[in-house]
Amino acid sequence: MEYNFKDLEAKWQAEWQKQQTYKVDVDSSKPKFYVLDMFPYPSGAGLHVGHPLGYIASDIYSRYKRLCGYNVLHPMGYDAFGLPAEQYAIQTGQHPADTTEQNIARYRSQMDKIGFSYDWSREVRTCEPGYYKWTQWAFLQMFGHFYNNLTDKAESIDSLVAHFAAHGTEGVDAACTEPLVFTAEEWNSWDEKKREEVLQNYRLAFRADTMVNWCAELGTVLANDEVKDGLSVRGGFPVVQRKMKQWLLRVTAYAPRLLEGLDKLEWSESLKEIQRNWIGKSTGAQVFFDIEGSEKKLEIFTTRPDTIYGVTFMVIAPEHEWVKELTCSDAQADVEAYLEATKKRSERERIAETKRVSGVFTGSYAINPFSGKRIPIYVSDYVLAGYGTGAIMAVPAHDSRDYAFARHFGLDIIPVVEGGNIEVESYDAKEGKLINSDILNGLDVKEAIVKMWDEIEARGLGKRKVNYRLRDAIFSRQRYWGEPFPVYYKDDVARPLSADQLPLELPPVSEFTPTSQGEPPLARVESWHTAEGYPYETSTMPGFAGSSAYYLRYMDPHNSEALVSTEANTYWRNVDLYVGGIEHATGHLIYSRFWNKFLFDLGVICEDEPFRKLVNQGMIQGRSNFVYRIVGTNKFVSLGLKEQYETQEIHVDVNIVKNDVLDLDAFRAWRPEFRDAEFVLENGKYVCGWAIEKMSKSMFNVVNPDYIVENYGADTLRMYEMFLGPLEQSKPWDTNGIDGVHKFLRKFWSRFFDKEDNFCVSEEAPTPAELKILHKTIKKVREDIENFSFNTSIPAFMICLNELGVCNKRAILEPLCVLLSPFTPHITEELWHLLGHEDSICTASYPEFNADYLVENSFEYPVSFNGKMRFKKELPLGISNAEIEAAVLADPAAQKWTEGKAPRKVIIVPGKIINIVL
RNA sequence: GCCCGAAUGGUGGAAUAGGUAGACACGAGGGACUUAAAAUCCCUCGGCCCGAAAGGGCUGUGCCGGUUCGAUCCCGGCUUCGGGUACCA
């Protein structure tokens with residue numbers, strides 16, 4: 001019988017759906033295992049072959065774990081709110097809900113054809129009210145909580161209010177936007193509006209005037225991870241800094257825990273490193289500098305307090321709140337001109353001009369608290385308002401930026417650490433002996449830093465401090481297609497809806513552009529207010545809102561009483577294996593961890609990290625093909641001959657090229673202008689050129705999984721995607737090699753049929769040699785799956801089949817079927833039933849490796865002389881090294897190399913190698 | 001600039017407690033079967049050299065050096081490519 005993958009795959013996909021083969025429920029009799037894919041954003045372009053790579057890997061692992069006796073939760077859903085659907089709506093007028101629905105249907109049909117073992121009864125969509133009810137609920141919880149640094153967890157804002165009423169800020173250590181000090185009397189004397197303003201300083205979800213990334217083309221603000229090189233990640237539009245009132249999440253409150261938590265996770269080192277850098281912990285000191293002729297003290301942050309004797313000037317950021325105060329009257333015009341010029345520069349220009357030194361003197365002086373020296377205060381945009389205190393002490397001798405600034409303005413450069421050549425450049429390294437530094441002289445840099453921490457604290461000049469690069473996440477977007485905020489405004493004070501008013505549903509609109517006043521689309525909706533007429537927030541939540549806790553919702557997707565029931569959560573706990581792209585390292589994967597830790601503090605869930613193990617699949621690039629048209633003609637010349645003509649390179653659809661050879665008829669049919677194309681062939685073939693590029697429509701190198709499924713079957717697609725190379729590596733898609741795995745499947749299939757094409761397996765007992773081959777394969781495949789080396793387990797199957805030859809014994813083929821089933825579920829399910837089983841192959845158990853079959857009693861030693869392999873000698877195992885040595889040296893082949901002389905040394909590793917040193 | 005990671009045939013890639021480099025597959029060439037094609041099967045394929053052949057020798061995992069009986073693997077120094085990040089004090 002022929003391997004008819006088309007009928008067979010359709011048949012089993014229908015059957016699995018009918019039998020609900022992959023549905024799972026809480027089952028305390030079995031250990032759980034949770035395998036999760038990053039759910040896709042359903043874009044209009046559909047899936048290309050790159051998208052399913054991670055899904056296939058996680059599906060193999062899920063099926064493997066299921067066969068090993070685990071109760072496996074393997075769900076799928078859609079991250080359905082987002083910018084592209086809305087941009088598309090602006091262009092076409094189609095409602096995002098409609099296009100999203102269509103795209104989801106397309107994604108689903110493409111995924112179904114690949115034979116994934118998802119439990120679709122648990123599907124979630126972030127844009128559905130039943131789902132985003134819990135996104136809104138979590139937001140309200142954040143609004144209602146603050147972060148207590150003393151207990152190191154989120155606590156109810158009510159307890160903070162009670163504390164303020166009784167003691168003011170005395171004894172409070174909470175994460176906040178800026179430190180506040182007030183008494184209970186003050187608090188009690190304030191009205192509600194003033195109190196709420198103060199509370200915004202502590203809430204984990206809060207509103208604040210803040211510098212934001214404003215993208216005019218998109219008409220919205222963007223989070224830091226949505227901006228790269230001063231351009232929006234989506235669309236590549238310029239982004240400028242602007243101060244605006246926005247909703248934010250106090251992610252920074254969790255910075256220490258987000259950092260420490262990484263150590264316990266089984267994530268790749270590179271990914272953890274990206275997160276560590278993004279969180280950016282630096283330990284240093286806060287120091288206050290007196291200002292000449294003022295009561296005020298200028299606060300700075302430095303990681304190099306040891307260099308304080310080398311401070312020759314101070315710099316504050318243009319946005320620093322004391323710029324005006326510190327500016328003397330005769331410097332006023334210059335400073336204002338500088339501020340104006342700085343404001344105009346876009347983020348992109350700032351980045352492009354990092355080498356250019358600019359700044360202006362304020363006319364004020366600070367006093368070095370250690371040396372007592374008078375030092376000028378400058379304003380420059382190389383100091384950022386958002387980091388540290390927005391002011392620095394400048395040590396030009398030991399900081400390259402300060403050095404450039406000092407050189408430009410002719411300021412003093414005093415070396416305080418030995419080393420480097422101060423005439424040419426600053427010496428930034430943290431090693432060497434201190435000089436010119438009074439009490440620090442002679443100390444090592446590291447010792448000096450520690451001593452200064454003590455000195456600064458002892459003299460009351462400041463204290464040790466830890467700073468993080470991580471910023472609070474801007475949480476509002478001036479868009480339509482996102483979750484509405486469950487808040488309304490009364491007297492300009494944001495007030496939360498109560499939990500029973502959720503979800504606050506997104507109302508329909510007909511226009512998706514900002515209003516003429518530049519307000520978000522929701523401002524157009526006349527009914528967008530509470531029953532009492534108080535207006536709702538018109539911004540919506542950003543993309544990461546809906547994706548931050550979706551993995552929890554899968555545990556209990558239909559629960560209308562809670563995000564997730566305690567029962568479901570304590571059983572499924574957290575994700576054991578998360579598979580997805582590395583591009584989410586500083587976005588989703590940070591926010592999700594934050595969100596999870598917050599819910600953990602609330603006691604809603606039982607694990608404080610969401611994703612125990614994480615695997616990043618690589619990107620699949622496209623492989624483009626080219627044809628070469630002789631300029632001015634409709635004649636095309638093959639690759640090897642193109643140098644003889646003046647040609648023009650044209651992208652050609654990779655689907656009409658096979659092994660870089662063009663299908664001429666298909667090419668003529670491809671586009672009308674090529675209908676009469678002529679060709680200059682080499683060896684009767686037209687050979688195309690190729691290049692590795694991004695997979696995109698305009699390069700004609702998009703390979704659609706449907707096409708592969710149609711022509712080779714889903715099992716071949718699954719296996720080939722894994723065979724392509726290591727999962728975590730980026731690699732180009734190349735359909736050329738696909739015949740190899742397809743051939744393997746046909747060959748495997750044919751083992752079950754005799755010459756007359758009847759299903760036929762032998763009941764004969766397997767030989768020791770056959771068992772050895774089988775168990776060698778079991779061992780290899782099990783190890784590979786556990787290590788995610790799917791690419792190396794496929795050769796193991798191929799070798800197994802080659803070594804077995806024509807063996808058609810049930811005792812060998814049946815376990816092989818199970819072994820193979822995670823990779824190629826359809827063909828193995830069919831064979832499993834032909835073998836006489838009634839239940840799905842999913843109910844089988846994965847074959848155990850039995851070491852007894854692999855016991856060897858002799859070994860063919862490679863014998864090398866001075867490390868160079870010369871011949872092989874088969875010797876029994878278990879004999880002594882002396883016996884091995886004697887046997888080898890007696891061999892005529894060895895005597896040829898020793899030439900009768902006794903070797904200097906013989907190294908024997910039993911079962912591995914014999915090396916003779918002459 | 002700083003921090004990670006990588007480099008192996010015509011191609012994708014195997015191989016690490018340091019022990020036969022190039023598994024497996026693609027591709028190419030040759031052959032068998034066939035009226036023919038498809039399908040299937042067999043042989044050869046890193047480079048250089050000796051040999052009619054069988055076979056044999058040298059060399060070879062980006063470059064230079066080190067440790068070792070032995071290095072694709074460990075150490076030091078480079079080169080190139082990829083990723084992250086950047087006036088973060």
Side-chain angles (χ1 to χ4, degrees), chain A residues 2 228-229 268-278 280-282 284-285 300-305 307 315 317 350-351 353-358 380-384 386-395 398-402 404-405 428 467-471 582-583 585-586 616 618-619 623 659-661 690 720 723-726 728-744 746-747 750 789 791-799 802 860-872 903-909 911-918:
Chain A
E2 208 188 322
K228 203 173 156 24
D229 299 332
S268 72
E269 255 333 291
S270 60
L271 178 53
K272 287 197 213 177
E273 204 54 33
I274 292 172
Q275 286 214 346
R276 284 193 193 107
N277 291 340
W278 187 260
K281 177 178 178 168
S282 60
I300 60 99
F301 172 77
T302 180
T303 54
R304 294 293 302 274
T307 61
V315 185
R350 277 187 70 154
I351 288 163
E353 295 172 12
T354 49
K355 293 263 147 55
R356 208 186 73 187
V357 178
S358 73
S380 174
D381 65 0
Y382 85 86
V383 172
L384 304 177
Y387 183 78
T389 61
I392 62 156
M393 62 177 216
V395 185
H398 304 291
D399 182 289
S400 57
R401 297 151 302 176
D402 297 346
F405 195 86
D428 295 14
N467 245 318
Y468 292 92
R469 204 193 76 112
L470 187 72
R471 310 290 168 82
I582 195 145
E583 66 272 18
T586 54
N616 294 117
M619 226 183 37
R623 188 178 188 276
N659 293 332
D660 291 336
V661 175
W690 60 273
Y720 186 56
F723 184 66
L724 219 45
E728 299 181 73
Q729 190 174 303
S730 284
K731 58 234 163 201
W733 175 267
D734 183 354
T735 308
N736 290 343
I738 202 163
D739 283 333
V741 290
H742 191 64
K743 246 184 254 176
F744 163 78
R746 274 208 305 261
K747 203 161 144 185
S750 72
S789 311
N791 59 317
T792 54
S793 48
I794 290 156
F797 285 120
M798 293 175 173
I799 294 167
N802 284 342
E860 194 178 39
Y861 279 94
V863 180
S864 43
F865 289 80
N866 295 335
K868 201 164 293 254
M869 216 282 282
R870 294 303 179 181
F871 67 96
K872 290 175 187 170
R904 286 201 300 144
K905 202 168 162 190
V906 179
I907 291 125
I908 295 165
V909 185
K912 274 210 164 163
I913 197 153
I914 299 166
N915 189 20
I916 297 164
V917 186
L918 297 173

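Because only heavy atoms are used, hydrogens play no part in the values below, and waters and symmetry mates are left out as well, while side chains stay in. Quick note on labels: first sequence line is chain A, next is B, and so on, each numbered from 1.
- Pairing of B/rU61, defined by two Watson-Crick or G-U wobble distances under 3.5 Å, is not identified with any nucleotide.
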**Asked** If the sugar-phosphate is the primed atoms plus P, OP1 and OP2 and the base is the rest, what is the B/S/- string for nucleotides 81-86 of chain B, using protein heavy atoms under 4.0 Å?
**Response** ---SSS

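- Residue contacts for A/D734: at a heavy-atom cut-off of 4.0 Å it reaches no nucleic acid atom on any strand shown.
- Within 4.0 Å of A/R623, counting heavy atoms only, lies no atom of the nucleic acid at all.
- Within 4.0 Å (heavy atoms only), A/S282 reaches sugar-phosphate atoms of the nucleic acid but no base atom.
- Among residues two or more places apart in sequence or in another chain, the salt bridge (Lys or Arg N to Asp or Glu O under 4.0 Å) test is passed with A/R746 by none.
- The nearest heavy atom of RNA chain B to A/I738 and to A/L724 marks one nucleotide each, and the one closer to the 5' end goes with A/L724.
- In this structure B/rG18 sits in no base pair that meets the Watson-Crick or G-U test at under 3.5 Å.
- Look at B/rA7: its Watson-Crick or wobble partner, with both distances under 3.5 angstrom, is B/rU79.
- The separation of B/rC69 from B/rC63, taken at their C1' atoms, amounts to 26 Å, rounded to a whole angstrom.
- For the 3.5 Å distance criterion, the side chains of A/S282 and A/N467 fail to qualify, holding no donor opposite an acceptor.
- Nucleotides B/rA37 and B/rC73 place their C1' atoms 49 Å apart, quoted to the nearest Å.
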**Request:** Treat primed atoms plus P, OP1 and OP2 as sugar-phosphate and everything else as base, then score nucleotides 36-48 of chain B 5' to 3': B for base contact with protein heavy atoms under 4.0 Å, S for sugar-phosphate contact only, - for none.
**Result:** ---SSS-------

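- Note on A/F723: a base of the nucleic acid sits closer than 4.0 angstrom, heavy atoms only.
- Nucleotide B/rU85 forms a Watson-Crick or G-U wobble pair with B/rG1, both donor-acceptor distances falling under 3.5 Å.
- In this structure, B/rC45 forms a base pair with B/rG27, meeting either the Watson-Crick or the G-U wobble geometry with both donor-acceptor distances under 3.5 Å.
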Filtered N/O pairs between nucleotides 19-21 of chain B and protein, under 3.5 Å:
from: B/rG19; atom 1: N2; to: A/N915; atom 2: ND2; distance (Å): 3.2
from: B/rU20; atom 1: O2; to: A/K872; atom 2: NZ; distance (Å): 3.2

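- Using modelled atom types, one finds no donor on one side chain facing an acceptor on the other under 3.5 Å when comparing A/N915 with A/K905.
- Heavy atoms of A/P726 sit under 4.0 angstrom from primed sugar atoms or phosphate atoms, though from no base atom.
- Residue contacts shown for A/I392 include a base, since a base heavy atom lies under 4.0 Å away.
- Contact of the A/T302 side chain with the A/V395 side chain is not registered, since no non-hydrogen atoms from C-beta on lie closer than 4.5 Å.
- Checked by atom type and distance alone, the side chain of A/K731 pairs as donor or acceptor with a backbone atom of A/Q729 at under 3.5 Å.
- Each of A/K731 and A/Y387 lies near RNA chain B, and the nucleotide nearest A/K731 is the one positioned closer to the 5' end.
- No engagement by A/N467 is indicated, since no non-hydrogen atom pair under 4.0 Å with the nucleic acid exists.
- To the nearest 0.5 Å, atom CD1 of residue A/I913 and atom CE of residue A/M869 are 8.5 Å apart.
- Inter-residue side-chain proximity for A/Y861 and A/K912 is flagged as unmet; no heavy-atom pair is nearer than 4.5 Å.
- With sequence neighbours excluded, no residue forms a ring pair (Phe, Tyr, Trp, His ring centres under 6.0 Å) with A/F744.
- The separation between A/N736 atom CG and B/rG10 atom C1' is 13 Å, rounded to whole Å.
- Shown here, B/rU40 forms a base pair with B/rA32; the pair counts as Watson-Crick or G-U wobble because both key distances fall under 3.5 Å.
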Please produce a list of atom pairs where a protein N or O lies less than 3.5 Å from an N or O of nucleotides 28-32 of chain B.
none

